[in-house]
Amino acid sequence: MPVKTTTQTTVPSLFRTWLLFSTLLALVTWGIRLLSADMMVPEGLWQRAWWWGLRFDLAVAALLAGLTVLVMWPFARLLPTLPRKGWLMPALAILLSAHLGDWLYWQETGRHLGYEAGELLNSAGSLLNMLVLHWPWVLGIVFLLCLAYQFPWWPSRSERRGWRLELNVIAVVAATVLLVRGSINGLPQGPDDALRLGNSSEATAALNGAYAALYGLQSSSKNTIEPIALEWMDDSEAQQRVRALYRQRLSNQPSRVQDTVSPVNVVFVMLESWSSYHSQAEANGQPITPHFDALAERSLSTYRMVSSGLRTSEGMFGLFCSYQNPLGRSVAETRLAMNDYRCLPEILRDHGWQTAFFQGSHENTSGVGSFAQSLGFSASYGKADIVTRDYAENAWGVYDHDLYRFVLETIDQLQEPFFAGINTNSTHATELRPDFPPLLAGSDRHSAMRNVMRLADHELGEFVTALEQREWEHPWMLVLVSDHTTRVASTPLDRFLLPFLIHAPVRVSPAKPERIAHHRDVAPTVADILGLTMPNAMGHSLLDPTAPQLAEFYHAGNLTWFSGNDRLVEIPLSAPDRMRCATWPDQALALDLLYSPCQPSDSDKARDAYALTKTAQRHLFEGRGLSIVQ
């Protein structure tokens with residue numbers, strides 16, 4: 001009689017499956033991090049950054065593998081058989097999509113995708129359009145997912161006995177939590193841990209984009225924002241240094257009365273994503289922004305203006321409120337946005353100006369529309385309000401041609417004097433209008449950005465001509481300044497330099513201030529022209545030749561202070577004593593800085609920069625308004 005054999009049902013060994021999936025995901029994310037970091041940090045990577053970044057690679061891999069095993073657990077317990085393949089695909093899809101999203105965001109802003117991840121739904125349609133433009137990467141994701149389908153779980157024949165399956169789950173959870181936290185004791189790790197390297201380029205190379213994106217999604221509560229600890233000096237020294245920096249204002253600030261206020265119509269254009277880096281003429285002398293350049297010669301202007309951030313809402317806070325942003329963050333859509341900052345739009349509205357804000361993209365992308373109204377704009381318009389169009393949308397909204405026409409139609413209905421804030425959109429993407437030929441034939445990002453800037457400059461020229469031909473009841477003023485830069489594949493310095501001009505016929509003579517200007521100087525300058533003051537502003541009017549130069553930018557843990565027209569001090573806020581000093585020869589763009597040992601005068605300037613930042617951040621988070629010297 002033949003012997004009857006019995007077959008034993010195969011089930012997954014959950015802990016060993018977790019180890020297998022974690023290893024595979026870690027290898028994938030490690031390789032992608034190196035690839036993307038090589039693109040983000042063209043000057044090279046460092047072994048120290050590679051090893052430091054492993055903690056982020058292991059954390060995101062362990063998390064996604066752990067979630068996959070938790071999904072498998074009830075099926076392994078309840079079903080007699082379980083499909084061997086395909087379980088890794090959802091985790092890999094999340095991992096690859098997060099990496100791609102972070103890489104695209106880096107190309108736009110020069111910053112990893114962190115807390116902004118929570119705002120992605122506000123721009124879902126535009127982001128989908130951006131992904132379509134990068135279809136080869138999407139095809140690569142699909143290909144890797146097909147490969148991932150072939151990875152089976154680790155088999156076991158005995159884990160259904162007793163509680164072995166559940167013991168495996170407990171082991172998976174414990175190991176996952178340990179790797180995600182980064183340690184047993186102390187605070188859980190986060191993206192800011194990369195800044196402990198003390199070098200922004202190494203921090204960029206170390207941080208895993210998918211980790212930053214997923215961390216941002218899970219911690220993206222609207223009102224969650226905390227200050228960076230600044231303990232290098234005490235409050236007494238900081239206050240003393242800040243009062244010295246603003247000594248002139250404290251001792252000799254003229255008081256103006258309301259009857260000196262001049263009713264001037266203000267058109268304030270935030271040139272989306274324009275940079276001084278991309279505005280330079282070609283090597284053959286061919287200009288990229290000829291209309292802007294020609295107007296700058298007839299205006300108060302400078303190409304040496306420093307941006308207050310890397311996003312529109314950050315630029316708005318610096319431009320309209322003349323104050324420092326939360327370091328590396330935006331006030332918009334946080335608890336800080338609930339404070340009254342007494343910004344330029346609110347001041348003008350209270351003095352009788354009618355105020356309105358216009359965007360070529362969605363009215364509330366990243367909360368910009370509502371943020372504009374919180375700053376004092378009575379009305380806010382976006383692409384949905386622009387019904388009449390000559391051109392189809394780009395990835396983010398309408399071209400500036402259609403936006404400017406809508407603005408002209410709307411301001412005809414406004415009572416003068418008015419204050420119109422405009423955030424343009426042609427340069428939000430890199431797609432040219434079908435009727436506008438490219439200047440540069442290359443398909444690289446640099447050529448694409450220059451081509452679209454040339455288009456935006458052409459549309460700007462049409463708008464300026466229309467303003468000049470308009471009949472005004474009151475005089476008019478045009479402010480042109482970039483809100484931030486984008487797609488600048490160069491040094492952090494180049495990412496924060498942008499074009500600026502104020503054109504006010506008769507009222508303002510052509511000039512180029514000798515000092516390096518900052519976003520924060522724009523609102524006090526406009527107020528000065530109108531006969532108003534902003535006594536709590538951090539910036540100074542560019543019409544005041546005696547005003548001090550106070551310019552800095554924060555990027556990837558470093559505070560860079562312009563200690564002179566040709567000298568910079570880079571201060572790692574986590575280790576200020578490790579500051580670096582550099583000469584900026586001829587204020588050239590796209591040129592490596594010439595680093596040299598810091599002098600005693602540099603160290604003193606660094607303490608001024610730290611004091612100003614410490615004081616501004618403390619007042620900002622304590623809700624004191626914007627009085628830097630109170």
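Values in this document were obtained by computation on a predicted structure and should not be read as measured data.
- Asp604 pairs by the side-chain hydrogen bond (donor to acceptor under 3.5 Å, both in side chains) definition with Arg241, not counting sequence neighbours.
- Not counting sequence neighbours, His518 has no partner by the ring pair (Phe, Tyr, Trp, His ring centres under 6.0 Å) test.
- Between Tyr404 and Glu462 the shortest side-chain heavy-atom distance does not fall below 4.5 Å.
- Listed by chain and number, the residues in a ring pair (Phe, Tyr, Trp, His ring centres under 6.0 Å) with Phe500 amount to none (sequence neighbours excluded).
- For Phe377, the ring pair (Phe, Tyr, Trp, His ring centres under 6.0 Å) partners are Phe320, Phe357, Phe419, not counting sequence neighbours.
- With sequence neighbours left out, the side-chain hydrogen bond (donor to acceptor under 3.5 Å, both in side chains) criterion links Ser299 to His503.
- Under the rule for a side-chain hydrogen bond (donor to acceptor under 3.5 Å, both in side chains), the partners of Ser370 that lie at least two apart in sequence or sit in another chain are Asn364.
- Under the salt bridge (Lys or Arg N to Asp or Glu O under 4.0 Å) criterion, the residue pairs touching residues 413-429 are Glu416-Arg470, with sequence neighbours excluded.
- Residues passing the side-chain hydrogen bond (donor to acceptor under 3.5 Å, both in side chains) test with Ser308, sequence neighbours excluded: His519.
- Residue pairs meeting the salt bridge (Lys or Arg N to Asp or Glu O under 4.0 Å) criterion with at least one partner in residues 539-558, sequence neighbours excluded, are Arg520-Glu552.
- Applying the 6.0 Å contact sphere to CD of Glu514 captures no more than 12 heavy atoms from other residues, nucleotides or ligands.
- Remark: Tyr391 pairs with His401 by the ring pair (Phe, Tyr, Trp, His ring centres under 6.0 Å) rule, at least two apart or across chains.
- Sequence neighbours left out, the pairs with a member in residues 272-298 that pass salt bridge (Lys or Arg N to Asp or Glu O under 4.0 Å) are Glu282-Arg450, Arg298-Glu468.
- Applying the salt bridge (Lys or Arg N to Asp or Glu O under 4.0 Å) criterion to Glu346, with sequence neighbours excluded, gives Arg342.
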